[in-house]
Structure formats: C-alpha cells, structure tokens
There are 2 protein chains.
Amino acid sequence: MARRSQRPISDGALRLAQDRFIAAWGQMGSTWGISRTMAEIHALLFITAGPLNTDDVMLRLSVSRGNASMSLRALVDWGVISRIHRRGDRKEYFQAEEDVWTMLRQIIRERLRREVHPVLALLFEVRDLTDPAAAAHDKPVPLDPPAAGEPLPSTPEPAPLPNLVAEHNRRLDSLLELIQMLDRLGERFVGSEGRGLKLAATLLSKVS
Amino acid sequence: MARRSQRPISDGALRLAQDRFIAAWGQMGSTWGISRTMAEIHALLFITAGPLNTDDVMLRLSVSRGNASMSLRALVDWGVISRIHRRGDRKEYFQAEEDVWTMLRQIIRERLRREVHPVLALLFEVRDLTDPAAAAHDKPVPLDPPAAGEPLPSTPEPAPLPNLVAEHNRRLDSLLELIQMLDRLGERFVGSEGRGLKLAATLLSKVS
DNA sequence: ACGAGATTTCAAAAACTTCTGAAAATAACG
DNA sequence: CGTTATTTTCAGAAGTTTTTGAAATCTCGT
C-alpha cells in the first residue's frame, strides 16, 4: 500500500515538481498575454527530457486534441519548440528549445515583430497628423509659437489654445523616442548571434 | 457652416490625432496584459496637457463611471498617474506622469514586484522539491542515483531513465538563473535615481 | 450634524477568449 | 489507389475578463 519512501527522490516527487513548474509557468504566461494552456505545454516540453507527441501532451495536461494541436502550432510559430519526426513512427514529436538564452532571444524577436513594430508604425502615422513640417497643405506651422508666458487655465482646456498642438507633439515625440530606443536595444540583443545576450549580462554586472 | 480650414492644424486634427493615439496605446496595452480601457485612459491623460476629472474621462472615452473609477485607481496604484486636488473644486483630477523614462521605470518596478517576484518564489519552491542537497529528511541523495534501470513505458521516455532528476534540475536551474539575471537587471535599472535608464541607453549605443 | 456632490463598490450583464469534439483534410503505408 | 493513422480546422460551449449602473459610502462646506 504505502509508497516506497526509500528511493532517493521518488518518481512521484519528480512528477510533483514537474506539475508545479508547469502550473507556475502557465500562470506567468497568462499574466503576460499568453494563453495558459500554451504556456503550460511549453513548460511541459521544456522541463521534460525527451520529445513528446500530441497524445502525450493531451494526456498529461488533460486538454483536448484541438487545443493541443493549436497550441503546439502556435509555439512552433513562436520558434520556442520544434517538430521532430521519428522514422517508423507516424506521429509528430515536439521538443522545446533548451537553451534559455536562445529561447529568450526568440521571444523578444517575436514580440518586437508582432507587437512593437506595428505600434511604432501607428504612432508614426499619428505623429504625421500633427507634424508642422508635413503641413504642405494648409500652412506651415512655426515650431515655437510667439511669447510663452501662459496664464494657467481653470479646468481642463483653459487657454485659448496657446499651443496645444506643440504640447501634443512634444509628448508624442518623447514616447516615440523611448519606444524606438527599446526597439533598437531589442534588435541588437536579438541580432548578435549567440553571445549577444550574455554580453548584456556582462554589461549588467559592469554598471555598478 | 464650413469648418475654417485656415488654421494651421485644426482642433479637429488634434482631436483625431489624440483619438488615434489613444486607440493605438489601448491596443498595445491589451496585448501586454492590461485592460484596454485602462490603457486608453492612461493614453488620454498622457497625451492631454491639463489634468482631467472622472467625468471628462467618461465623456471622452464613453465608459461608465464605475469603469472609469476603477481604472483610474488602478493607474494610480501602478504609479503612472497621480491625483490632483484643486481648491474650491470638489472633483478629483488626474494627471499622467509625463517623463517617459520615469513612467517606464515605474512600470518595470511594478511588473517585477507583482509578476516576476512571485514566480521566482514559486520556482525556488519547485527547485527545493528535487534538490539533492536539501534532502534532509528521507535520505541524502547522491547526485547520481545508483544503477537506475527502469522498464521504459511505451512512447515518450525511450532511454532507461539514466538521470531524469538531474536533467530536470539542470533545466530548472538554467531558467532560474536567467530570470534572476533579468530581475537583477530590472532592479538595477529601477533603482538608480533618474539617470539609470538613460545610462542603459548610452550603454546600448556603446555595444557596437 | 446635515445634505449635496463626488467616489467607490459590487452583482449582474456583456464582451471576449479559450477550449472542445467531431468532421474534414492530410500524409503514410502497402 | 484504398485504407488507416494522424493532424488540422472550426462552430459552438464553457470559461474568463471587463463593463455597467445603481446603491452604498465617503467628503466637505455650512
């Protein structure tokens, strides 16, 4: 009846550790905008040594075939797991990238591509809407409006529009610059083959 | 009747630019795990010069009072906007942090605190479950378990489990180290008063 | 201490996301 | 080819998050 408590670290303990890890990773995933199941599958593949097939995943995590199939495909698209074919076996197997630096680089690469770049493009468009320089039609707007002593308004939009547009542009530009900076930083990290990231770590320790 | 097309960049254009900005920021927010409305309110406050009150926000973004109230409070909790009291006015006004570096620092600080640290704690717990050194109870486990010939199940685990636990620990440790590294990086960035981030930007340009 | 105005709370509704399961498509083998 | 194993797709179900609005609570000024 009783479980053998003799074995150093029992299979049960390993199983438990895996399950807890999977749960933790799944939770983290969901707070960062990734579906829980997808993160859990990734966790399972990462923490497990051998490659697993769709049925293994379904069984282990109790998810439907459809869900497993779509999540696995999405993970492949993100480049954090890969398909493996075994001869004499019609099933497909999956295996996680096991180098965590490569994994991180891949995640950053994809987030830049899918999320940051589109937003940057939008923000540039927005910038153009009020860009004085681009005001080819209408009339070119002087960057600096005349005298700058402003009577502080009462409620929200108080003054007779002293220079709302200039203020808008200033704020937008500062945000654009920040995001572009982060983008360049990311691209650099992502670009440099292999070493790139460890380099960042090194830098980190340097900046006392 | 017709709108004056003479003014350089019309109020309408400003309004449009604001709306587009708000939409873009709202979208970005939702892909990063922040509710759309919350991100939109932040965008509105950021892009608008003066402080706004709850009714301004409700009106401008067409959201309910309850939603506006909760989202504003959440933004205050995140430390990216602040409450403003005006004498002789019973309403509360809100204003966004306008320095984007400070804003970024604040966001990183909170994400570390709310999301990274809890996961790190969980991962450490998981690590302990299979830590040979920590096996005080039971029996100290030799890093390499004796002869471990186990009848292999059917599919996934092919080899005779030479050292599943050691492999598990290796993977878990590499992930833990990565996350801790990022955590330290974040803390450092967040900690250094003001300059911290620009410094990072400088570093960035240095790393050719 | 009252009352008017402002804010917060929270249960229920709406909107959105994820998951399922069976049917359709695909690929492998003989 | 036809048969069979496997994967993909997708409409609807289930689950989760977000939003609403009205009631409760709070805050001041008098």
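Residue numbers begin at 1 in each chain, while the letters A, B, ... track the order of the sequences. All values below were derived from every heavy atom in this structure, side-chain atoms included, with hydrogens, water molecules and symmetry-related copies excluded.
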Given protein heavy atoms under 4.0 Å, the one-letter contact record of nucleotides 23-30 of chain D, with B base, S sugar-phosphate only and - none, is simply ----BB--
Could you check whether D19(B) pairs with R60(B) (Lys NZ or Arg NE/NH1/NH2 to Asp/Glu carboxylate O, under 4.0 Å)? yes
Hey, what's the ring geometry for F21(A) with W25(A), parallel, tilted or perpendicular (30° and 60° as the breaks)?
parallel
So which protein nitrogen or oxygen atoms get under 3.5 Å of nucleotides 15-19 of chain D's nitrogens or oxygens?
unit_1  : atom_1 : unit_2 : atom_2 : d
dT19(D) : OP1    : T37(B) : OG1    : 2.4
dT19(D) : OP2    : S35(B) : OG     : 3.4
dT19(D) : OP2    : T37(B) : OG1    : 3.2
dT19(D) : O5'    : N67(B) : ND2    : 3.2

So CD of Q27(A) and CD of E115(B): to nearest 0.5 Å the spacing works out to 10.0 Å
Practice task
Considering only NZ, NE, NH1 and NH2 on the basic side and carboxylate oxygens on the acidic side, decide whether E167(B) and R170(B) come within less than 4.0 Å.
Solution key: yes
L61(A) CG to dT18(C) C1', in whole Å, measures 15 Å
To the nearest angstrom, the CG-C1' distance between D89(B) and dT7(C) comes to 14 Å
Between N169(B) and T130(B) (side chain of the first, backbone of the second, donor and acceptor by atom type, cut-off under 3.5 Å), is there such a pair?
yes
Separation of dT8(D) atom C1' from F94(A) atom CZ, nearest Å, is 11 Å
Between CG of D77(A) and C1' of dT8(D) the distance, given in whole Å, is 13 Å
Margin query: For the residue pair Q18(B) / R15(B), report whether a side-chain donor-acceptor contact shorter than 3.5 Å exists.
Written below: no
Is there a donor-acceptor pair under 3.5 Å between the side chain of R36(B) and the backbone N or O of S30(B)? no
Atom CZ of R73(A) and atom C1' of dT18(C) are separated, to the nearest Å, by 17 Å
Taking NZ, NE, NH1 and NH2 as the nitrogens, is one of them in D56(B) or K91(B) under 4.0 Å from a carboxylate oxygen of the other?
-> no
When rounded to whole Å, the CZ to C1' distance for the pair R86(B) and dA6(C) reads 16 Å
Atom CD of E92(B) and atom P of dG5(C) are separated, to the nearest Å, by 17 Å
Give one of base, sugar-phosphate or nothing for R87(A), where a contact means two heavy atoms less than 4.0 Å apart. nothing
Rounded to whole Å, the CG-C1' distance (L72(A) to dT20(C)) equals 16 Å
| Please walk me through it: do L178(B) and W101(A) pass side-chain contact (heavy atoms from CB on, under 4.5 Å)? | CA-CA 8 Å; L178(B) 178 71; W101(A) 293 93; 3.9 Å; yes
